[in-house]
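Below is one structure, written out as structure tokens, with a few remarks after it.
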Protein chains: 2
Amino acid sequence: MSGTPVSIQDLTKNQAMVFGALSTAEGPLSAYAILDRLRDQGFRAPPQVYRALEKLVEVGLVHRLESLNAFVACSHPACSGQATHGHEMIAFIICESCAKVTEINDSALADQLTHLARVQDFALRKTTVELRGLCRACSA
Amino acid sequence: MSGTPVSIQDLTKNQAMVFGALSTAEGPLSAYAILDRLRDQGFRAPPQVYRALEKLVEVGLVHRLESLNAFVACSHPACSGQATHGHEMIAFIICESCAKVTEINDSALADQLTHLARVQDFALRKTTVELRGLCRACSA
DNA sequence: ATGACACACGTTATATCGTTACGCAATGTG
DNA sequence: CACATTGCGTAACGATATAACGTGTGTCAT
């Protein structure tokens, strides 16, 4: 199991650069947006980005927003994918005007989702919860 | 408001064909899969499918699965987009093995999501809840 | 050491998903 | 009738994602 990184230290060069790009960004970035930001630093083709993203998502440092086909750095303070691990079960609140994304880890919600799956004998592997609309600032 | 269809009767020819394709299908279909199934019947290009899908989703006869980039016919018995309307707030349970999709309309979940949004003064417009894993049959 | 293997990476090409833009015909409304 | 609206057909393109292949580099059992 030496190939199981848990924190930023264990990232490869490309993974670190992609994570850096996402951390620096204000909001979510598409894979191609990441690619563009890293061209100066030697990135040339999509697979470089996608490979890094795959690992970062697996480890929990980055989340994929399905409804946006985009990615965000985990907002946990110094996140390293720990926390409520087992299943992530994070909800995202996404403003369609300013693109700001809020990450929410609500245990009541997690319980409900777990329950819904359990009732059907469904072996939950991954959950996607994304709430879209307008944030307070933008709906004012 | 004469342009607001509420049921299958009001669909145009293309919308009806796309809805038919989805209804006939066992599981979710991508837009291009729909296109392929309708080529015999005269469909030739993506916009024909996407335009029909846009309307069908708007009306609630069809749902988009964000995590699959695919579409399913609403499973409500003789669905016409009514029911808990206002916001849809439907959860989908998606088997990654057999691709079967179960539609769930859980009011506790809806309440919880509404609450999460409310706490942040977030004006909810659309929710995506997708649970992925293995259904009972497939995890046996 | 050396050969076998796994891993990260670079690169090209291709697959898949979705949209823009344009034109035309049918319909309905003043 | 003039004209707006709507649905439709088509071509071209843009955006997102993956396959496939090659290379170097480290580990490590032999």
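Below, chains carry the letters A, B, ... as their sequence lines are ordered, and counting in each starts from 1.
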Worksheet item: Is there a donor-acceptor pair closer than 3.5 Å between any side-chain N or O of A:Q48 and the backbone N or O of A:R44?
Response: yes
Discussion item. Please check this pair: side chain of A:Q41 against backbone of A:L38, looking for a donor-acceptor N/O pair closer than 3.5 Å.
Written reply: no
For [X] and [N], what is the distance between atoms [atom1] and [atom2] respectively, to the nearest whole Å?
X	N	atom1	atom2	result
A:R51	C:dC9	CZ	C1'	6 Å
A:E54	C:dC9	CD	C1'	14 Å
A:Y50	C:dG10	OH	P	17 Å
A:N69	C:dT16	CG	C1'	11 Å

The criterion is side-chain contact (heavy atoms from CB on, under 4.5 Å); which residues satisfy it with [X], sequence neighbours excluded?
X	result
B:A16	B:L11
B:V57	B:V62, B:F71
B:S23	B:F19, B:A73

Worksheet item: Where along residues 41-49 of chain B does a heavy atom fall under 4.0 Å from DNA chain C?
Response: B:P46, B:P47
Worksheet item: Listed in order of residue number, which residues of residues 23-40 of chain B have a non-hydrogen atom at under 4.0 Å from DNA chain C?
Response: B:S30, B:Y32
Item to complete: Output every pair passing ring pair (Phe, Tyr, Trp, His ring centres under 6.0 Å) with a member in residues 29-61 of chain A, not counting sequence neighbours, ordered by first then second residue.
Response: none
Item to complete: Check each residue of residues 91-101 of chain A for a non-hydrogen atom within less than 4.0 Å of any atom in DNA chain D, then write out the ones that pass by number, or none.
Response: none
Worksheet entry | Which residues share a salt bridge (Lys or Arg N to Asp or Glu O under 4.0 Å) with A:D111, sequence neighbours left out | none
Worksheet item: Taking side chain as C-beta onward, heavy atoms only, is A:V59 less than 4.5 Å from A:Q15?
Response: no
Discussion item. Side chains of B:I34 and B:L53, heavy atoms from C-beta outward: is any pair under 4.5 Å?
Written reply: yes
Practice prompt. Can you sort out the partners of B:N14 under side-chain hydrogen bond (donor to acceptor under 3.5 Å, both in side chains), two or more places apart, ordered by chain and number?
Written response: none
Atom pairs and distances, donor-acceptor, side-chain atoms in residues 130-137 of chain B, under 3.5 Å, two or more places apart:
from: B:E130; atom 1: OE1; to: B:S67; atom 2: N; distance (Å): 2.9
from: B:E130; atom 1: OE1; to: B:S67; atom 2: OG; distance (Å): 2.5
from: B:E130; atom 1: OE2; to: B:E66; atom 2: N; distance (Å): 2.7
from: B:R132; atom 1: NE; to: B:E96; atom 2: OE2; distance (Å): 3.1
from: B:R132; atom 1: NH1; to: B:S67; atom 2: O; distance (Å): 3.0
from: B:R132; atom 1: NH1; to: B:S67; atom 2: OG; distance (Å): 3.3
from: B:R132; atom 1: NH2; to: B:E96; atom 2: OE2; distance (Å): 3.3
from: B:R136; atom 1: NH1; to: A:D121; atom 2: OD2; distance (Å): 3.0

Worksheet entry | 5' to 3' contact window, DNA chain D with chain A (heavy-atom distance under 4.0 Å) | D:dT16 to D:dA20
Item to complete: Examine the side chains of B:N105 and B:E88 and answer whether a donor and an acceptor come within less than 3.5 Å of each other.
Response: no
Worksheet entry | Contact nearer the 5' end of DNA chain C, comparing B:F71 with A:K13 | A:K13
Kindly list each side-chain donor-acceptor pair under 3.5 angstrom involving residues 97-104 of chain B, sequence neighbours excluded, with atom names and distances?
from: B:E103; atom 1: OE1; to: B:S75; atom 2: N; distance (Å): 2.7
from: B:E103; atom 1: OE1; to: B:S75; atom 2: OG; distance (Å): 3.0
from: B:E103; atom 1: OE2; to: B:H63; atom 2: NE2; distance (Å): 3.0

